[in-house]
Amino acid sequence: MNSITSKIAEHSPDKVKVSRRSVFEAETPKNTGPCILLSVGYDGSRGKALCKLYDPLKNKIYYWFDNSDHKPYCISDLPPEKIRKLPVAVHQGFIGVEVIEKYDLLTDRMVKMSKILASDPLSIGGRGKMKGIRDLLPKAWEAKIPYHNCYIYDRRLIPGFYYRIVDGDLLPVSFEIPRKTRENILNFFEGEPDPVRELVNSWLPIFLYPAPNIPRLAVDIEVYTPQVDRVPEPSLAEYPVICVSFSSSDGLNKIFLLKRKGFSLGSKPETFPEYAELVFFEDEKKLLNETFKLISSYPIILTFNGDDFDLNYLWHRAKKLGIKGEEIPIVLGKNSAGIIPGVHVDLYKFFSNRSIQIYAFSNKYKDATLDAIATSLLGISKIRLNELISELSYYELASYCFRDAEITLKLTTFNNDLVLKLIILLMRISKLSMDDVTRQSVSGWIKNLFYYEHRIRNYLIPLKEDIVAVKGEAVTRALIKGKKYMGAIVIEPKPGVYFNVIVLDFASLYPSVLYRWNLSYETIRCPHEECKSNRIPSLPHWVCKRRLGLTSTIIGMLRNIRVYWFKPKSKDPNIDEATRSWYSVVQQGLKVILNASYGVMGNEAFPLYCPPVAESTTALGRYIISKAVEKAEKIGVEVLYGDTDSIFIHKPTDEQINVLMEWASKEFKIDLDIDKVYRYVTFSGLKKNYLGVFRDGSVDIKGLVGKKRNTPEFIKKAFLEVVEVLSKVSSVNDFEEAKRRIAEIIRNYYVKLRDRRLSLEDLAFRVKLSRSLKHYVKTTPQHVKAARLLEKYGKKLGAGDIISYVKVKGEIGVKPVQLARIDEIDVNKYMGHMETTFRQILEAVGVNLDEIFGFRSLDSFFKR
DNA sequence: GCACGCCTCCAGGAG
DNA sequence: GTCTCCTGGAGGCGTGCC
């Protein structure tokens with residue numbers, strides 16, 4: 001025991017210098033060097049907009065407050081004299097009203113409006129007892145924009161970009177773009193209208209100037225809990241914080257542990273981080289105070305779920321222990337936790353963002369859990385525990401907690417700080433603060449970006465109901481019940497095996513269509529008589545000939561700049577690696593925005609929602625792909641399949657490919673590219689369902705059930721073995737041998753199944769609960785049945801949880817893995833699943849399963 | 001009473 | 001809370017047959 005106590009004593013806080021100097025410069029300097037604009041907010045005590053700047057050279061944060069007496073406001077169509085007679089005028093926050101002129105895109109003319117100024121943001125948009133000004137007006141424009149964003153627009157600020165304070169004023173740092181680079185990029189916009197070229201010019205610095213590396217500290221806490229399977233409730237903060245870990249991008253690695261009676265250091269696990277400094281605290285309050293000092297000493301604090309848990313818990317716990325509010329550098333919002341003086345980024349929110357998950361990380365992680373994300377992106381997992389957190393020895397607890405902090409940090413440092421750079425780029429594009437951009441979804445980014453561009457042009461930001469009133473609803477019918485308008489075409493695939501298949505696709509088809517056809521809410525069904533002849537094929541809609549659409553121009557500019565410059569240059573070996581890496585971030589960030597740019601137009605919740613724009617986009621997509629099929633057939637090329645923006649063509653000559661590409665660029669001014677080159681492709685005959693083998697033998701599997709996440713592991717394994725065999729096939733003659741080997745593989749797995757030589761884990765279906773259990777009322781899917789069985793045993797389950805269940809004989813038919821035994825398994829059901837899985841491939845190979853084996857089903861084949 | 005067809009719900013995926 | 005199109009499995013219900 002003595003040695004343990006002495007070891008602990010070695011780590012006593014008196015001997016270790018824990019605190020770091022705050023990065024905060026309380027007094028705003030009159031002049032600074034270049035700083036990054038991290039965030040714009042509102043300081044209630046001063047009643048001013050507040051910009052958080054980070055000075056990378058001095059490692060300091062400065063707060064700069066508005067010096068222009070900028071006030072919150074909203075806009076009304078009533079003249080000032082009428083407004084002065086309304087209750088608005090006696091609102092305690094009412095300051096005054098002034099006449100302004102705005103350009104109204106919906107009517108295509110200048111309008112006189114009234115700008116109503118207020119003393120504070122709440123006076124405009126307040127709710128509850130004290131109604132805000134916007135609710136006292138019959139109609140109010142631009143009244144729902146958070147004040148700090150309004151300030152960004154009016155000052156034309158670009159979050160994530162460089163600013164400096166000069167004589168107390170905030171000025172952007174101007175960067176010289178090399179003349180050659182500028183010219184090279186603008187060359188790609190040769191022949192485009194002037195406003196497009198001007199737009200490109202104004203956006204270039206955003207893309208060309210690399211993001212800085214900003215120091216950041218990841219924090220993770222562990223809390224004692226007496227209950228199994230229960231996360232402590234932050235708002236109650238009943239139990240002590242027993243461990244806090246820190247890992248920073250500049251090499252700080254610390255673990256704070258709370259000393260508890262009856263706990264020992266234990267033996268050092270292999271996972272213990274020797275490079276981290278272990279600090280013991282007798283007193284929890286002291287532990288929290290030191291934690292807060294560290295939190296105040298970095299410009300960016302990273303957590304994984306810190307909004308809802310870690311920072312939330314720390315705040316409430318600190319209050320409970322009697323720490324004074326001003327000593328807690330945490331500001332709790334409704335759904336988030338801010339910090340002082342820097343910015344808090346909750347990576348759980350960022351990685352949960354569907355667009356980030358799918359488009360930035362190509363669906364590499366399927367669940368937004370720290371373990372799943374870290375495993376697939378970093379190759380590092382969380383530490384597996386055999387005991388409850390509250391029972392771990394000090395060393396084990398420290399190792400476990402620290403790993404989480406370390407992973408959290410690494411999520412922003414891996415691949416050359418990819419994620420940090422991506423966040424900064426998205427700030428610049430969306431014009432949102434770091435705290436906002438990491439918490440909002442893609443529609444929030446696009447909304448803010450469009451609002452900004454409206455404001456700097458003095459365009460009135462329209463009301464959603466006015467857009468729909470003027471432009472109307474969709475006129476097409478969706479194929480799927482419950483959808484609002486018709487979408488893309490999927491060409492019926494020709495079943496069979498085809499060697500030498502090329503996939504041509506229209507590069508970012510929808511953004512290109514929006515741009516080329518000038519589709520924007522103000523240009524579709526515009527008010528001009530002479531434009532009515534400019535029709536969209538097959539639709540009653542027309543497009544403006546007089547005016548360039550605002551949103552279509554922005555989307556087109558982003559699309560072109562990505563396709564022509566950043567995407568190719570990110571792979572150009574003549575460019576230095578640092579630049580290439582930044583370019584790669586830029587092109588990925590643009591991809592995220594572009595992929596959603598059409599979708600938001602068809603989203604009712606989007607403030608510029610415009611169904612005619614959305615359905616015109618898909619209608620033109622259908623038009624273009626149909627014309628492409630026609631053209632291909634006309635020049636003697638067989639089209640095997642196509643989906644939305646692609647055609648799969650059989651054995652085309654180079655000449656034929658060139659003809660098609662030139663035709664597309666001449667006919668539509670849209671690029672048709674070679675997307676994929678297959679050695680062979682097999683089509684089962686089902687749409688969105690095929691297997692292709694590239695020239696190098698790698699395999700491209702789409703839609704097949706063997707690949708689906710919820711397919712049992714053993715079927716996936718069998719499927720992969722079969723795929724492996726197929727990847728070796730290089731000519732028609734190889735198929736006979738391949739089929740024999742495939743039959744062997746299937747038989748092998750069948751025998752394993754029949755003899756129950758498989759684990760329950762291998763047999764489990766893993767299906768996600770998409771909502772809480774009580775919300776399943778219409779039907780009871782199998783995973784819900786299993787989940788309800790689990791609940792009887794006291795397990796708490798909710799939306800997002802993955803249920804693992806197996807199919808068993810008997811009335812209910814399913815059991816959660818935890819409750820099942822191997823002898824209960826319903827072998828026939830699994831046979832059925834194997835059959836469908838392999839039918840998709842084998843039929844694709846061109847031969848019906850029945851024909852291969854000469855029996856009606858696999859089942860009867862094996863029962864022979 | 002029961003097989004069967006048809007529709008709906010739900011999850012997961014393609015683009 | 002971008003969008004629509006497509007597939008498979010199970011649940012739920014009506015219908016016709018024995």
Side-chain angles (χ1 to χ4, degrees), chain A residues 352-356 358-359 362-363 366-367 440-447 474 476-493 503 505-511 514 555 591-611 613-615 617-619 621-622 625 641-648 675 684-690 700-711 765-771 775-786 802-803 805 807 812-814 829 832-833 835-837 839-840:
Chain A
S352 302
N353 184 312
R354 299 288 293 164
S355 301
I356 292 296
I358 297 169
Y359 296 114
S362 326
N363 236 336
K366 306 287 180 195
D367 296 305
Q440 291 187 15
S441 64
V442 67
S443 64
W445 304 340
I446 296 177
K447 170 179 80 175
T476 53
R477 281 278 159 84
L479 273 73
I480 304 171
K481 229 174 114 181
K483 302 292 175 192
K484 289 171 292 212
Y485 57 91
M486 191 182 283
I489 288 182
V490 186
I491 297 164
E492 196 77 42
V503 182
D505 80 335
F506 289 98
S508 43
L509 179 65
Y510 288 167
L514 286 164
I555 292 163
K591 180 167 83 177
V592 173
I593 302 272
L594 288 167
N595 272 313
S597 61
Y598 133 79
V600 295
M601 300 299 175
N603 172 12
E604 263 169 293
F606 188 68
L608 302 179
Y609 172 58
C610 189
V613 168
E615 69 176 343
T617 310
T618 56
R622 295 193 296 275
I625 203 73
Y641 176 61
D643 187 348
T644 312
D645 56 359
S646 67
I647 51 172
F648 290 55
D675 183 29
S684 63
L686 294 172
K687 293 172 173 179
K688 298 184 186 285
N689 209 292
Y690 62 87
D700 198 20
I701 302 164
K702 298 292 179 185
L704 306 182
V705 286
K707 194 190 160 187
K708 283 194 166 189
R709 178 172 61 150
N710 54 2
T711 302
F765 291 84
R766 283 170 236 278
V767 181
K768 193 190 265 174
L769 282 176
S770 66
R771 54 192 98 156
H775 283 101
Y776 290 89
V777 280
K778 288 183 175 157
T779 57
T780 311
Q782 296 204 312
H783 65 297
V784 176
K785 280 187 180 170
I802 308 267
I803 310 298
Y805 65 91
K807 303 206 175 185
I812 307 182
V814 293
K829 280 265 184 265
H833 279 278
E835 192 176 332
T836 31
T837 305
R839 186 171 286 279
Q840 284 184 345

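Below, all heavy atoms of this structure are taken into account, side chains as well, without hydrogens, waters or symmetry copies. Here is how names work: the chains are called A, B, and so on, in the same order as the sequence lines, proteins then strands, and each is numbered from 1.
Counting any heavy atom pair closer than 4.0 Å across all strands shown, Tyr510(A) reaches no nucleic acid atom. The residue Gly487(A) sits close only to the backbone: its heavy atoms come under 4.0 Å of sugar-phosphate atoms, none of a base. Nucleic acid contact for Tyr609(A): none, since no nucleic acid atom lies under 4.0 Å from a heavy atom of the residue.
In this structure, Leu704(A) places its CG atom 11 Å from C1' of dT7(C), rounding to the nearest Å. Rounded to a whole Å, the NE2 atom of His783(A) is 11 Å from the C1' atom of dG12(B). Between Tyr598(A) atom OH and dG15(B) atom P there is a gap of 16 Å when expressed in whole angstrom units. Rounded to a whole Å, the CG atom of Asp645(A) is 10 Å from the C1' atom of dA14(B). Distance Asn603(A) CG to dC3(C) P: 4 Å, rounded to the nearest Å. Counting to the nearest Å, the P atom of dC5(C) and the OH atom of Tyr641(A) are 14 Å from each other.
Annotation: of the two residues near DNA chain C, Glu604(A) and Ile489(A), the 5′-most nearest-nucleotide partner is Glu604(A). Annotation: of the two residues near DNA chain C, Met486(A) and Tyr359(A), the 5′-most nearest-nucleotide partner is Tyr359(A).
Taking the charged nitrogens against the carboxylate oxygens, Lys688(A) and Asp643(A) do have a contact shorter than 4.0 Å, which makes a salt bridge.
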